[in-house]
Amino acid sequence: MAGTSWDKLGQMDAAFEIVAPAIRRVAETEGVKLFEFHRDDPLWRLAWARAAGGEASVDVEWTEDTPDTYWLIATWFKDDWDSTLRRQHIEEVGEFVREEPLERLETMLREAVKALDGWTEADLDEQSGPYPEWQQYQTKEEFGRTRLPTR
């Protein structure tokens, strides 16, 4: 997590400097939004709204325990205002090791985005909630708004 002693030593920044060019190229060419250090964690997220509804993301995660390895995780979730439930699907895409060519990371990210765009409602195999606060703090019209690019 950000703010810990290892973060103060600059390890998180240094770890992502290595893979940043590849992640940024994919974000730009695929038309998705890039969140660097999402929620101040050692995680970079490619995110977009799906034309099929909901939001999708591909995360590149790093930990100090295995500093030469990055994990790629794909997620799609759809929230239902009326039931206040979230349905989602999460898949591990794979691992990228620092010594590998950045082209491999780019390929992995592009393939993950493409695969995720092909997921259907039948893939939404996990459910969480209810989240009644959704209805307490926003209207139904506000609920569906997103600031993410749509693919």
### Query
For Q11 and E64, what are the C-alpha separation, side-chain angles and deciding distance, and is it a side-chain contact (heavy atoms from CB on, under 4.5 Å)?
CA-CA 8 Å; Q11 292 180 3; E64 67 177 314; 4.1 Å; yes
For the [atom1] atom on [X], are there more than 12 heavy atoms of other groups (residues, nucleotides or ligands in this structure) within a distance under 6.0 Å?
X   : atom1 : value
E99 : CD    : yes
K33 : NZ    : no
E92 : CD    : no

Do you know the tightest heavy-atom contact between [X] and [Y]?
X    : Y    : result
L102 : A22  : O-CB, 3.9 Å
D79  : F143 : CB-CZ, 3.5 Å
S83  : P130 : O-CB, 4.2 Å
Q138 : W81  : O-CH2, 2.9 Å
T63  : T66  : OG1-OG1, 3.2 Å
V93  : A112 : CG2-CB, 3.8 Å

Under 3.5 Å, is there a donor on one side chain and an acceptor on the other for [X] and [Y]?
X    : Y    : result
D117 : W48  : yes
D125 : H89  : yes
T29  : R110 : yes

Gap separating the [atom1] atom of [X] from the [atom2] atom of [Y], nearest 0.5 angstrom:
X    : Y    : atom1 : atom2 : answer
D59  : I90  : CG    : CD1   : 9.5 Å
T84  : D80  : OG1   : CG    : 8.0 Å
I23  : L105 : CD1   : CG    : 5.5 Å
D82  : W134 : CG    : CH2   : 11.0 Å
E111 : E106 : CD    : CD    : 12.0 Å
E100 : M108 : CD    : CE    : 7.5 Å

Would you say the side chain of [Y] lies within less than 4.5 Å of the side chain of [X], judging by non-hydrogen atoms?
X   : Y    : answer
L85 : Y131 : no
F77 : S57  : no
E95 : L72  : no

### Query
What's the verdict on side-chain contact (heavy atoms from CB on, under 4.5 Å) for F37 and D13, showing C-alpha distance, side-chain angles and the deciding distance?
CA-CA 9 Å; F37 303 112; D13 288 334; 3.4 Å; yes
[X] with [Y]: basic N within carboxylate O range, under 4.0 Å:
X   : Y    : answer
R24 : E36  : yes
E30 : K114 : no
R87 : E121 : yes

#### Entry: Residue pair L116, R50: steps toward the side-chain contact (heavy atoms from CB on, under 4.5 Å) verdict
CA-CA 9 Å; L116 208 155; R50 290 204 53 208; 3.9 Å; yes
### Task
Could you tell me how the ring of W119 sits relative to the ring of W76: parallel (under 30°), tilted (30 to 60°) or perpendicular (over 60°)?
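Rings of W119 and W76: tilted, 30 to 60°.
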### Query
Which of parallel (below 30°), tilted (30 to 60°) and perpendicular (above 60°) describes Y70 and F96?
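Correct class here is tilted.
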Flag yes if [X] and [Y] sit in one hydrophobic cluster, no otherwise; membership is Ile, Leu, Val, Met, Phe, Trp, Tyr, and two members link when side-chain heavy atoms are under 4.5 Å apart.
X   : Y    : result
L43 : L34  : no
V19 : W44  : yes
I73 : V113 : no
L46 : W71  : no

### Task
Output yes when a side-chain donor or acceptor of R98 lies under 3.5 Å from a complementary backbone atom of P67, and no otherwise.
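Yes: the side chain of R98 pairs with the backbone of P67.
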### Message
Using a 6.0 Å distance limit plus a 45 degree cone around the ring axis, check whether R45 lies over the aromatic ring of F35.
### Response
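Cation-pi check for R45 and F35: fails.
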